Structure formats: structure tokens, C-alpha cells
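Structure first, commentary second.
Computed from a predicted model, the values in this text were never measured in an experiment.
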Amino acid sequence: QVQLVESGGGLVQAGGSLRLSCAASRRTSSSYAMGWFRQAPGKEREFVAAISWSGSTTYYADSVKGRFTISRDNAKKTVYLQMNSLKPEDTADYYCAAREGVVSGTADRYNYWGQGTQVTVSS
């Protein structure tokens, strides 16, 4: 059982930055890929970024390329999402997810989810 806890969300003005963190249980020893997804009010859950267990492979949604950066520190069992140049359309609940195996941009392939952290970008 993998437990994930997100943090770092909040309110920020357009053009600002936030860094989200997702901490995994220290009891987790298996290699796993991690992903970030978001869901805005009235919309379906959307892929944001993903990273392989080693950190060597990353994927980004077109909407965030060049602005967001996903990274991980396996010693700390933590994955990060650095969000720069934030836009009002980035407003959503952001969820961290984990899966055993290769990196994926499909939410259904992830087995473990955090409870989310809210990001609100004002215009």
C-alpha cells in the first residue's frame, strides 16, 4: 500500500510560481513511476506530467510544456512539480499518482493517488 501526500498548493497571481510536492510512504520500496494530474471544476481529470522511477524519462502535457517541470528525489521518496508562469487556466485540484511499471500519461493506469492539493491562479 502506497500512501501519497501532496502539498504546496495555494493562491497565486498569473505569472507566478508554485512548487508542489508529493511525499510517498517510507515503507514503499518498489520502483514506480509517478504522475501529476489535475481536475478543474466541471472538467475531467487531465494529465499534467509524469516521470519514470529513475527520473530519466519525463512527459508533459502540451499545455504545460516549457512552464512546468517534474522531478523526483528517491532518497526522500518525493516527487515535485515546479510550476512557473502560471495561468488562470491552470486553476485546478492537482493530484499525485503512482504506479508500478513504466511511466504513463493515462490516469487509469495509476494504482495509488493522493488526496490532492488546490491551485488557484488569479488573473
Side-chain angles (χ1 to χ4, degrees):
Q1 181 71 26
V2 177
Q3 298 180 21
L4 304 174
V5 180
E6 302 98 333
S7 63
L11 278 67
V12 64
Q13 292 184 343
S17 298
L18 286 172
R19 187 176 76 160
L20 306 183
S21 298
C22 175
S25 172
R26 290 296 186 95
R27 294 186 180 274
T28 302
S29 60
S30 300
S31 298
Y32 51 89
M34 303 289 293
W36 285 97
F37 297 81
R38 66 187 182 186
Q39 187 168 18
K43 297 184 179 180
E44 296 296 318
R45 187 162 296 184
E46 175 189 23
F47 168 73
V48 177
I51 189 168
S52 62
W53 72 269
S54 67
S56 62
T57 303
T58 59
Y59 296 102
Y60 297 93
D62 289 341
S63 60
V64 306
K65 286 181 179 178
R67 299 189 298 120
F68 291 10
T69 302
I70 189 171
S71 62
R72 67 190 300 165
D73 185 338
N74 286 342
K76 297 181 179 179
K77 303 289 187 180
T78 302
V79 64
Y80 304 95
L81 184 68
Q82 178 66 47
M83 305 187 295
N84 298 326
S85 301
L86 283 163
K87 305 175 181 179
E89 49 263 46
D90 295 318
T91 296
D93 291 329
Y94 283 71
Y95 298 89
C96 176
R99 73 181 302 268
E100 182 75 28
V102 299
V103 64
S104 175
T106 303
D108 289 346
R109 299 190 186 277
Y110 287 82
N111 307 110
Y112 307 100
W113 293 82
Q115 293 188 334
T117 184
Q118 184 175 324
V119 172
T120 301
V121 184
S122 64
S123 59

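Among all heavy-atom pairs drawn from Ala49 and Leu81, the shortest one is CB-CD1, 4.1 Å. Between Ser52 and Ser56, the closest heavy-atom pair is OG-N, 3.3 Å. Between Ala40 and Ala92, the shortest heavy-atom contact is N-CB, 3.8 Å. The shortest non-hydrogen separation linking Thr117 to Gly9 is OG1-N, 3.1 Å. Across Asp73 and Tyr80, no two heavy atoms sit closer than the pair CB-CE1, 4.2 Å. The two residues Gly101 and Ala33 have their closest heavy-atom pair at O-CB, 3.6 Å.
By the neighbour-count criterion of 12 heavy atoms within 6.0 Å, atom CZ of Arg109 is sparsely surrounded, having that number or fewer from other residues, nucleotides or ligands.
Contact of the Glu46 side chain with the Ser63 side chain is registered, since non-hydrogen atoms from C-beta on lie closer than 4.5 Å. Residues Met83 and Val12 form no side-chain contact, since every pair of their non-hydrogen atoms from C-beta on lies 4.5 Å or further apart. Looking at heavy atoms from C-beta onward, Tyr59 lies in side-chain contact with Phe47 at the 4.5 angstrom threshold. By the 4.5 Å heavy-atom criterion applied to side chains, Trp53 and Arg72 are counted as neighbours.
Every residue two or more places apart in sequence or in another chain that forms a side chain to side chain donor-acceptor pair (under 3.5 Å) with Ser17 is listed here: Asn84.
For Thr91 (side chain) and Val121 (main-chain N/O), a donor-acceptor pair under 3.5 Å exists by modelled atom type. No donor-acceptor pair under 3.5 Å is formed between the side chain of Thr69 and the backbone N or O of Gln82. With Thr106 contributing its side chain and Asp108 its backbone, the two residues share no donor-acceptor pair below 3.5 Å. Judged by distance alone, the side chain of Thr78 and the main-chain N or O of Lys76 form a donor-acceptor pair under 3.5 Å.
We find the CZ-OG1 distance between Phe68 and Thr58 to be 14.5 Å, quoted to the nearest 0.5 Å. With rounding to the nearest 0.5 angstrom, the CG atom of Leu4 is 11.5 Å from the OH atom of Tyr110. With rounding to the nearest 0.5 Å, the separation of NZ in Lys77 from CD in Gln3 is 13.5 Å. Here Thr120 contributes atom OG1 and Asp90 contributes atom CG; the two are 11.0 Å apart, rounded to the nearest 0.5 Å. How far CE of Met34 is from CD1 of Ile51: 9.5 Å, rounded to the nearest 0.5 Å. Between the OG atom in Ser123 and the CD atom in Glu89 there is a gap of 10.0 Å [rounded to 0.5 Å].
Linking ILVMFWY side-chain heavy atoms closer than 4.5 Å, directly or via other members, places Ile70 and Tyr32 in a single hydrophobic cluster. Residues Tyr112 and Val79 share a single hydrophobic cluster, defined by chaining ILVMFWY side chains whose heavy atoms lie under 4.5 Å apart.
Evaluated for a side-chain contact (heavy atoms from CB on, under 4.5 Å) with Tyr95, the options Arg38, Glu6, Gln115 yield exactly one hit, Glu6.
Pairs of residues two or more places apart, or lying in two chains, that qualify as disulfide (SG to SG under 2.5 Å) and include a residue from residues 85-123 are Cys22-Cys96.
Taking the centre and axis of the six-membered ring of Phe37, the NZ or CZ atom of Arg99 falls outside the cone set by 45° and 6.0 Å.
In this structure, Lys65 pairs ionically with Asp62, as a charged nitrogen and a carboxylate oxygen lie closer than 4.0 Å.
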